Amino acid sequence: MYIDCKTIAKSIDEETLNLSSRVKPKLVSFAINPDESTLAYLRNQQKKAKALNIEHEILVFESVETFQEKLLKACNDDTVHGIFVAHPLPAGVDELKIACLINPDKDVEGRNPVNLGRLMYGEETFAPCTAAAVVEILTRTTDLTGKNAVILGRSNTVGLPLSVMLLRRDRSATVTVCHTKTRDIGEMTARADIIVVAVGKANFLKPHMVREGAIVIDVGINVVNDRIVGDVDPEVANRATLTPVPGGVGVVTTAILMNRVARIASRGDRF
Ligand SMILES: NC(=O)c1ccc[n+]([C@@H]2O[C@H](COP(=O)([O-])OP(=O)(O)OC[C@H]3O[C@@H](n4cnc5c(N)ncnc54)[C@H](OP(=O)(O)O)[C@@H]3O)[C@@H](O)[C@H]2O)c1
């Protein structure tokens with residue numbers, strides 16, 4: 001069985017459209033030496049922004065120096081409400097240094113350490129979008145209280161912030177985070193009520209690793225033979241409730257990102 005993530009995204013989009021019809025939200029997306037998949041992602045972002053009445057500018061750079069200059073300009077420009085910096089950054093670029101440059105009040109992806117610090121206090125206005133999308137899907141699907149949630153992956157973008165968000169007192173899941181040094185991941189997942197998979201390995205989670213009736217959130221995006229596939233073997237849908245790939249976490253993530261831009265524009269103040 002699959003979770004209908006498109007309907008979740010649609011309901012977020014409705015709120016966004018309602019906001020963007022009254023204000024003029026603007027998102028600026030930055031990329032340094034992007035590869036084809038990043039450019040494809042940005043084009044997709046642009047299509048979505050257009051559909052939601054959000055002005056969208058894409059700025060592509062060859063060097064970090066010129067990028068930094070324009071980034072700081074956008075941070076101080078009152079007509080810009082949201083700033084997105086495409087990842088992964090080129091090798092050798094200091095991710096933390098770039099994250100610190102993003103104005104925390106426009107940091108729609110929640111990369112600035114100020115926003116990651118706010119998460120520790122349960123403040124999720126600028127929580128990382130993908131982690132926020134997983135929480136949105138889960139809270140619309142089940143009551144998390146006391147549930148045994150196993151997260152595969154501990155990145156700053158997904159697994160780590162998600163673990164904090166699921167632990168928040170009003171959710172109160174019991175959280176286990178697995179990574180490459182975890183022993184017997186299958187034993188962990190087989191006991192889980194909820195499994196979130198964000199490892200970036202096609203079909204990593206197999207049916208025998210999942211207990212009957214579990215909820216499985218597939219964050220993965222992998223290209224195999226020119227097709228996009230997730231981190232979860234589709235056969236898992238025969239024994240668990242699963243998010244599809246494509247059309248799952250990704251569509252909710254983009255909806256949340258655009259919603260943030262519209263919210264910032266409509267508040268007209270600082271968080
Ligand atoms: N749908 C969306 O909106 C969205 C957004 C962002 C990312 N994604 C996708 O989600 C996936 C993960 O992204 P990410 O940025 O979190 O990736 P990442 O930074 O590469 O992190 C991957 C994590 O998975 C763990 N891992 C990798 N192989 C493993 C294995 N064999 N066993 C156990 N753990 C393993 C790594 O462990 P270590 O820490 O030990 O290395 C790491 O913590 C990718 O497919 C990405 O494209 C989707």
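Fair warning: this is a prediction, and the values are worked out from it, not measured in the lab. Counting starts at 1 for both ligands and their atoms, following the listed order.
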Open item on the list: Less than 4.5 Å apart, side chain to side chain, heavy atoms only: is that true for Thr125 and Arg263?
Closed with: no
- [ ] For the pair Thr254 (side chain) and Val251 (backbone), establish whether a donor and an acceptor sit closer than 3.5 Å, ignoring hydrogens and angles.
- [x] no
TODO: Under 4.0 Å from a heavy atom of Gly200: give me the atoms of ligand 1 that qualify, with their elements.
DONE: 11 (C), 12 (C), 44 (C), 45 (O)
- [ ] Spell out, as yes or no, whether a donor-acceptor pair under 3.5 Å connects the side chain of Asp233 to the backbone of Val236.
- [x] no
Task: Val158 neighbourhood, listing ligand 1 atoms whose heavy-atom distance to it stays under 4.0 Å - done: 16 (O)
Task: From the candidates Glu109, His179, Arg154, the one that places a heavy atom nearest atom 42 (C) of ligand 1 - done: Arg154
TODO: Give the residue, atom name and distance (to 0.1 Å) of the protein heavy atom nearest atom 6 (C) of ligand 1.
DONE: Thr130 OG1, 3.7 Å
TODO: Any atoms of ligand 1 less than 4.0 Å from a non-hydrogen atom of Thr253? List them with their elements.
DONE: 3 (O)
- [ ] Mark the output for Val219 as yes if a heavy-atom distance to ligand 1 is under 4.0 Å, and as no if none is.
- [x] yes
Task: Cationic N near anionic O, under 4.0 Å, Glu69 to Lys73 - done: no
Task: Sub-3.5 Å N/O-N/O distance, Ser155 and ligand 1 - done: yes
TODO: For Lys70, enumerate each residue passing the salt bridge (charged side-chain N to carboxylate O under 4.0 Å, His left out) test, keeping only those at least two apart in sequence or located in another chain.
DONE: none
TODO: Would you mind running through ligand 1 and noting each atom that sits below 4.0 Å from a heavy atom of Phe204?
DONE: 30 (C), 31 (N), 32 (N)
Open item on the list: Going by the closest heavy atom to atom 27 (C) of ligand 1, which one wins out of Asp218, Val251, Val199?
Closed with: Val199
Open item on the list: Please work out, at 4.0 Å between heavy atoms, whether the side chain, the backbone, both, or neither of Lys201 comes within that distance of ligand 1.
Closed with: side chain
TODO: Kindly confirm or rule out an N or O of Ile185 lying under 3.5 angstrom from an N or O of ligand 1.
DONE: no
Task: Under 3.5 Å side-chain donor-acceptor pair for Asp13 and Thr16 - done: no
- [ ] Could you please spell out the steps behind the side-chain hydrogen bond (donor to acceptor under 3.5 Å, both in side chains) verdict for Asn115 and Asp107?
- [x] CA-CA 8 Å; Asn115 288 322; Asp107 177 26; 2.8 Å; yes
TODO: Return a yes/no value: protein heavy atom under 4.0 Å from atom 45 (O) of ligand 1?
DONE: yes
Task: Parallel, tilted or perpendicular: rings of Phe67 and Phe61 (30°, 60°) - done: perpendicular
TODO: State, yes or no, whether a side-chain contact exists between Leu257 and Arg260 at a heavy-atom distance under 4.5 Å.
DONE: no
- [ ] Pick whichever of Ala198, Ala202, Gly250, Ala133 has a heavy atom sitting closest to atom 12 (C) of ligand 1.
- [x] Ala198
- [ ] Before signing off on this row, confirm whether Thr180 and ligand 1 have an N or O atom pair separated by under 3.5 Å.
- [x] yes
Task: Heavy atom of Cys178, distance to ligand 1 below 4.0 Å - done: no
